[in-house]
There are 2 protein chains.
Amino acid sequence: MRTEKKKRATKRRSGPPPTAKKLAIRRENVARILEAAEAVFATRGFSGATTAEIAERAGIPKPNLHYYFRTKQALYRAVLDDILTLWLDATSSIVAEAEPKAALRAYIEAKMAYSRTRPFASKVFANELLHGAPAVKGFLGGAMRRLVDDKAKVIEGWIAAGRLQPIDPHHLFFVLWAATQTYADFDAQITAVLGKRSLGEADFAQAAETVSALVLRGLGLKA
Amino acid sequence: MRTEKKKRATKRRSGPPPTAKKLAIRRENVARILEAAEAVFATRGFSGATTAEIAERAGIPKPNLHYYFRTKQALYRAVLDDILTLWLDATSSIVAEAEPKAALRAYIEAKMAYSRTRPFASKVFANELLHGAPAVKGFLGGAMRRLVDDKAKVIEGWIAAGRLQPIDPHHLFFVLWAATQTYADFDAQITAVLGKRSLGEADFAQAAETVSALVLRGLGLKA
DNA sequence: GTCTATAGCGCGATAGAC
DNA sequence: GTCTATCGCGCTATAGAC
């Protein structure tokens, strides 16, 4: 998944080429840049983001950013890579052996927690999808599609066993993604309509409760 | 709501200042520009969009675009204005006198139809929200908030009358918006996961059916 | 009202001293 | 490995001939 694979451009020396100390500095700087970039890409979009703002937010001079990531595109790809990994991990509760009600509730809560704790990641991904997914089309049609097909099979198994009301499992996933990610992606709308300055723990708890209630009862898993 | 209010910059003459013919040309050109701009802002975002591409898509020379809309910002505002009007109209089925099940089904179908027929409008709005809604904050906290509060009262009335399972009406709306708009905004993801080139009538019908079934049963409105 | 030609500038990227 | 100084492109916007 990793896109960035730094090629050493400097003259080689004998012995262990990068000292432990330099490696630590590099790791620290790369982490700071990725974090800053996620925030800036989230709020400005790819075209609206400037490398100057990212560098400033990361607390490093602009040319150093270009030293670690040669182009803005490369940096963007690296940010997306991190996000895609997150995304795949969230589905882990959906397995055939699980109890449907608990598994779906856990999935909703995991996705909602991700919206709460990693809103920038959600927004960068949303922005990428919104503009036609030029950088992640391969991933969507590949790894993600296979994973979703797998999980859909699990749901179909539950339906066949009469443990769930019949439903199209793919569309069920689309609704779950939308309903949970909307609290990160479109928080500007939600806070404005609720008349709040920002969303807190309580709002996310209420949101998770509402989505769970609707979906679980909608699938016949609740009185 | 109209942001644009053209100020005549040319020398005035006696008689009816703009002839009927010129007015028609203006109307035609403005409409072409707005349509093109909606598409380009949807696919590229505000910063990514170029006035050159909009002009080309509208079939007019670039400087003419600046003649009708002095700045890119002004054009963007005009596009948003149209979209906000659309948005408000969709809630018309939610009224106290209506039968809850039919009203909610109609709302879901109206929003889904809007995703199918005006995907660019949905995307422009989504993009605006995603980046903090700088241009529509006032609208969200004003007209939209009042409308949603109104409609939430209707839902609460239905709940109080025992016609609906208790639910937080605001969060219900957030879920409905998310579940329907996702088919326009994130179509890149949906088509990739479904392995299709694009979404057709049948896909939107299936989507509306899934959302309706989940939500209506989730609210206790269906066996 | 139309369009060519260009001004002006913000931004990504890099050269080159340290 | 760091950072100042700068290049050059691509964009918005406009001047001015038609």
Side-chain angles (χ1 to χ4, degrees), chain A residues 4 6-13 15-33 36-37 40-41 43-79 135, chain B residues 4 6-13 15-33 36-37 40-41 43-79 135:
Chain A
E4 200 62 15
K6 205 81 207 15
K7 203 170 286 174
R8 197 149 38 104
T10 51
K11 52 198 178 289
R12 53 239 146 134
R13 310 239 270 105
T19 71
K21 185 171 185 178
K22 287 196 175 172
L23 261 184
I25 291 177
R26 164 172 289 276
R27 278 240 301 270
E28 161 78 7
N29 281 341
V30 165
R32 292 165 68 90
I33 293 170
V40 176
F41 283 133
T43 39
R44 312 266 187 222
F46 177 78
S47 325
T50 66
T51 52
E53 187 180 355
I54 295 171
E56 192 192 5
R57 190 173 177 126
I60 62 161
K62 186 167 63 143
N64 289 27
L65 185 150
H66 282 92
Y67 170 75
Y68 288 108
F69 298 91
R70 226 172 59 77
T71 66
K72 187 184 176 184
Q73 261 296 334
L75 173 56
Y76 180 65
R77 301 292 288 248
V79 169
Chain B
E4 200 63 13
K6 206 80 207 10
K7 202 171 287 173
R8 200 149 34 107
T10 51
K11 49 198 177 300
R12 51 240 145 130
R13 312 236 270 106
T19 70
K21 184 170 185 179
K22 285 195 175 169
L23 261 185
I25 291 177
R26 164 173 290 275
R27 277 241 300 272
E28 160 78 8
N29 281 341
V30 165
R32 291 165 69 90
I33 293 170
V40 175
F41 283 134
T43 38
R44 312 266 185 222
F46 177 78
S47 325
T50 66
T51 52
E53 186 179 355
I54 296 172
E56 192 193 5
R57 190 172 177 127
I60 60 160
K62 186 168 57 145
N64 289 27
L65 185 150
H66 282 91
Y67 170 75
Y68 287 107
F69 298 91
R70 225 172 61 76
T71 67
K72 185 183 175 183
Q73 261 296 333
L75 173 55
Y76 180 65
R77 301 292 287 251
V79 169

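Residue numbers begin at 1 in each chain, while the letters A, B, ... track the order of the sequences.
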From NE2 of A/His66 across to P of D/dA5 the rounded distance in Å is 18 Å
Taken to the nearest 0.5 Å, the spacing of A/Asn64 CG from A/Arg32 CZ works out to 11.5 Å
Rounded to the nearest 0.5 Å, the OH atom of B/Tyr76 sits from the CD1 atom of B/Ile54 at a distance of 11.5 Å
From NZ of B/Lys72 across to C1' of C/dC9 the rounded distance in Å is 14 Å
Any A/Thr50 side-chain N or O less than 4.0 Å from OP1/OP2 of C/dC11: no
Worksheet item: According to a strict under-4.0 Å criterion, is B/Arg70 in side-chain N/O contact with OP1 or OP2 of D/dT14?
Response: yes
task = Would you mind classifying the nucleic acid contact of A/Ala49 as base, sugar-phosphate or nothing, using non-hydrogen atoms under 4.0 angstrom?
result = sugar-phosphate
task: Select base, sugar-phosphate, or nothing to describe what A/Pro63 touches, counting heavy atoms under 4.0 Å on all strands.
output: base
A/Glu56 CD to C/dG12 P, in whole Å, measures 13 Å
Among the nucleotides C/dT2, D/dT2, D/dA13, whichever has the atom closest to the side chain of A/Ile25 is D/dT2
Using a strict 4.0 Å threshold on nitrogen-to-oxygen distance, state whether B/Glu53 and B/Arg57 make a salt bridge. no
note: A/Phe69, atom CZ; C/dG12, atom P; distance rounded to Å ~ 15 Å
Rounded to the nearest 0.5 angstrom, the OH-CG distance for B/Tyr68 and B/Asn29 is 4.0 Å
>> It should be established whether B/Tyr68 places a side-chain nitrogen or oxygen under 4.0 Å from OP1 or OP2 of nucleotide C/dT2.
In response: yes
Whole-Å distance, A/Ile33 CD1 to D/dG1 P, equals 12 Å
Quiz item: Does A/Lys72 reach the main-chain N or O of A/Ala49 with its side chain, forming a donor-acceptor pair under 3.5 Å?
Solution: yes
Among the nucleotides D/dC3, D/dA13, C/dG12, whichever has the atom closest to the side chain of B/Lys62 is D/dA13
Against the side chain of A/Arg26, the closest entry in C/dG12, D/dG1, C/dG1 is D/dG1
From CG of B/Leu23 across to P of C/dG1 the rounded distance in Å is 8 Å
Separation of D/dG1 atom P from A/Ile60 atom CD1, nearest Å, is 13 Å
A/Asn29 has its side chain closest, among C/dG1, D/dT12, D/dT2, to D/dT2
A/Asn64 atom CG is separated from C/dG12 atom P, nearest whole Å, by 16 Å
